[in-house]
Amino acid sequence: MIYTFRVLRFDPAKDESPYFEDFQYETEGKKSLLEALMDIRNEQDPTLSFRYSCREAVCGSCAMVINGKFDLACRTMVDSLGSSLIVIEPLPNLEIQKDLIVDLEPFWEALRQIEPYLLAADHRPEKGHRVEDRVMEKIDQFANCIMCGCCYSACPVVSRDERYLGPAALAKLYRFVRDPRDKRGFSRWSRVSTETGVWGCDTVFRCNEVCPRSVRPADGIEALRRRVVLGKIKRLFKREK
Amino acid sequence: MISHDILVVGGGLAGLSAALAADQRFSTAVISRVHPLRSHSVAAQGGINAALGNSPDGRDDSWQRHAFDTIKGSDYLADQDAAELLCQKAVPAVYELDHLGVPFSRFPGGVIAQRPFGGAGLSRTCYAADRTGLVIVHTLYEQSLRRQVKVYNEALVTKLIVENGKCVGVVIYDLATGQIQPIKAGAVIFATGGYGRVYLKTTNAYINHGSGIGIAYRAGVALKDMEFVQFHPTSIYPKNILMTEAARGEGGYLLNNKGKRFMTDYAPSAMELAPRDIVARAIQMEIDKGNGFEDEYVLLDLRHLGEKKINKRLPSIREICLKFLGLDPVEKPIPIQPAQHYSMGGIDVDDRCATSLKGFFAAGECACVSVHGANRLGGNSLLETVVFGQIAGEEASRYLQGLERKEPSEKTFLDEALAEKKKIETWMSRTSGEKAHHFLNRLKVVMSAKVGLFRTKKELKEAIEEIRQIREDYGRAYLSGICLRYSQVLVNLIEFAYMLDLTEVITLGALAREETRGSHYRLDFPKRNDTDWLKHTLVTLKDGQPDVSYRPVKVTKYQPEERKY
């Protein structure tokens, strides 16, 4: 079958604005979009740029928008799209560095702001921490995140307020708050109780929808909200006593 | 010019471990061709070995038993003192990972869960479902953010800079700017990973070209035991994505086209959990005998495990099958075939991760200590990256403390960068020639056909001739209409020179080693020969030509015996 790949091209060094370029590409069977893009680059245009690494949906490099849908190019099979026209665009709401490569720095910066690491007690238990599996299951889905940036890029709040921390970072924060090994205090993490933090979320769940790893970042944001409220009430009572 | 005390090349597990272990008084930076979270380490699925003794079937486990299994698994080519060091450090290393935040799966009572893996005979492999590599990389990356480790992303190291016998820096191709530039460093640690992409069928990421190994070789450092290439028994057909050994550890069967668990014929006691070299060969023999499907694959059957167990222990396996094959392993067996997976060989280092070049260290898959010998056990590679990554970071720090540092001349750096620039300009100035991906395909075809699971003198000799022919053609390579920013085509062409080096070294070692040991199977010499070959292969570049020499294996207390499973 012959497909038309309509790829967004942009080189900020020489182009005034992004434009679409069509490539004809013939293939049969289970060819991934990433494999197709590599073939097109090798055979048709060596200047076509995109990120890739693992090709098995675990490294998060090749997130892009394919026929309007956020996904990883490696796990999208060309024949599954049900269309001979395949429109490929870089992740929106991020600056294009070249073609399908975007600058993820705002995404990483949001992550850095939430202290995205386990803050365990100084003492390391000699035989490891004792943590029940059913407790760890609560953070399971968040540990499945590969930081591909789909949720951040698709988030309507991020698109209108770049200060908003976004779904991935907040879900990551919840992953640590919920981890029984983590000892960060309420006042330390509840700094995200702001309009650019947990209260910024519009609850339209675009993040849940676009995640290629079946993570539901909004679950984490909602849970953080409940914990913020609960924590504040607890503090209020303590003060009154 | 960018300058650091310690420059770690590679942001996977070995690199991050090294950076985290480096003395904080030194300025340390990681430089990586991809963002650290995009490193191939994230693809590790099954787990990490440590004799914690948490499993009911492994209560009397000990690091000594782990060391014995590792050495036996290595077909006695591992240096036994190094294997002992690895296994002794495994237990505290896993507890440290737990303390840093790795969300390990748990047994009732809350201790870290362990599952059986090949070549062990008991449950020693700690895991986080089937995404162990992913969560460890994320955890170490998170800790690197906490420690504010400087990371340069998307820059390919193209060369080591050496002055007066010391490694003093590297040359990089910065993808974002398209610039070639030198970086100064007091010490350089390579954690650049493996070279799976020199084969047609590999579980490795697209980025695993192995150029780091070739760069070290070009700088005069020996490569060790490169002929030992691990083929993983179970990669999905036809995309060769890894199906973790944990699938068999959790109870999965291997079936041929007669519905028979054929491992009874090859490893009647360990069955599917024999070491990888044995299982991979068994699968290929079944396929070659006509007992496979479409002459390409056999089946990995998980159906009897049930949906609940598959979802809990092997969720990524199910997801990969659904997405990439349109097949649900709960209902159907998975088509699998062996594929290149890992390099036991690598840059020759001692058990302090030091090379023969002062100021140059290496750890992880790109290095060869050797702890894996002729065949690595599943679950030992993640372990190696954290244990030896840490040692590399500490040793590089120790090296700098004792070093009287003389500022190397600026000119050396500029000259080295200029030479790299000239090379690229030459490629760009040509108007015709062969493209990068054609070279790559030619090399892959040769390696797969002639330097694969089964080897013969005739084919290995042919392979060397063909590699040398490709090298000659590569001298006329060209780049057409290229934009220097974010050019993967340029990356591939730069790396290809090093791929030629390392494939030549693999093949030379394989040709010279006239015996069968671990992953190196010679049809014309089908027996292990300890009298002549209980030794490491070392290949060094001398006057532009590979020079093969040998070094005895270090034996502590485990006398080589026949491997039966």
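Proteins get letters first, then strands, A, B, ... in listed order; numbering begins at 1 in each.
Of the charged side-chain nitrogens involved, none lies within less than 4.0 Å of a carboxylate oxygen, so that B:R106 and A:E132 do not count as a salt-bridged pair. Taking 4.0 Å as the cut-off between side-chain N and carboxylate O, B:K312 and A:E137 count as a salt-bridged pair. Of the charged side-chain nitrogens involved, none lies within less than 4.0 Å of a carboxylate oxygen, so that A:E115 and B:R146 do not count as a salt-bridged pair. In this structure, A:R130 does not pair ionically with B:D98, as no charged nitrogen and carboxylate oxygen lie closer than 4.0 Å. Electrostatic pairing of B:K435 and A:E43 does not count as a salt bridge here, judged by no charged N lying under 4.0 Å from a carboxylate O. A salt bridge does not link A:E56 with B:K323: every distance from a Lys NZ or Arg NE/NH1/NH2 to an Asp or Glu carboxylate oxygen is 4.0 Å or more. Salt-bridge annotation for B:R131 and A:D140: present, with a side-chain N of the basic residue lying under 4.0 Å from a carboxylate O of the acidic one.
When atom types are taken as modelled, the side chain of B:R38 and the backbone of A:R51 share no donor-acceptor pair closer than 3.5 angstrom. Looking at B:H40, its side chain never comes within 3.5 Å of a backbone N or O of A:C59 through a donor-acceptor pair. Put simply, the side chain of A:K127 never gets that close to the backbone of B:Y95: no donor and acceptor are under 3.5 Å apart.
Residues that satisfy the ring pair (Phe, Tyr, Trp, His ring centres under 6.0 Å) test with B:Y199, not counting sequence neighbours, are B:F231. With sequence neighbours left out, A:R55 forms a salt bridge (charged side-chain N to carboxylate O under 4.0 Å, His left out) with no residue at all.
For A:D122, the part lying near chain B is the backbone, with the side chain staying farther off; criterion is any non-hydrogen pair under 4.5 Å. For chain B, no part of A:D45 is nearby; none of its heavy atoms comes within less than 4.5 Å. Looking at A:R175, the atoms closer than 4.5 Å to chain B (heavy atoms on both sides) all sit in the side chain, from C-beta outward. Both the backbone and the side chain of A:I146 come within contact range of chain B, with heavy atoms under 4.5 Å apart. Contacts of A:K14 with chain B are absent, with no heavy-atom separation under 4.5 Å from either backbone or side chain. When heavy atoms are compared at a cutoff of 4.5 Å, A:M147 approaches chain B by way of both its backbone and its side chain.
Side-chain contact of A:Q97 with B:Y486: a donor-acceptor pair under 3.5 Å is present, judged by distance alone.
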Step-by-step side-chain contact (heavy atoms from CB on, under 4.5 Å) determination, A:Y117 to B:L140: CA-CA 9 Å; A:Y117 29 79; B:L140 294 189; over 6 Å; no
One pair to check against side-chain contact (heavy atoms from CB on, under 4.5 Å): B:F104 and A:M136. What are the steps and the verdict? CA-CA 8 Å; B:F104 284 112; A:M136 292 306 274; over 6 Å; no
For B:H99 and A:H123, what are the C-alpha separation, side-chain angles and deciding distance, and is it a side-chain contact (heavy atoms from CB on, under 4.5 Å)? CA-CA 9 Å; B:H99 194 61; A:H123 171 70; over 6 Å; no
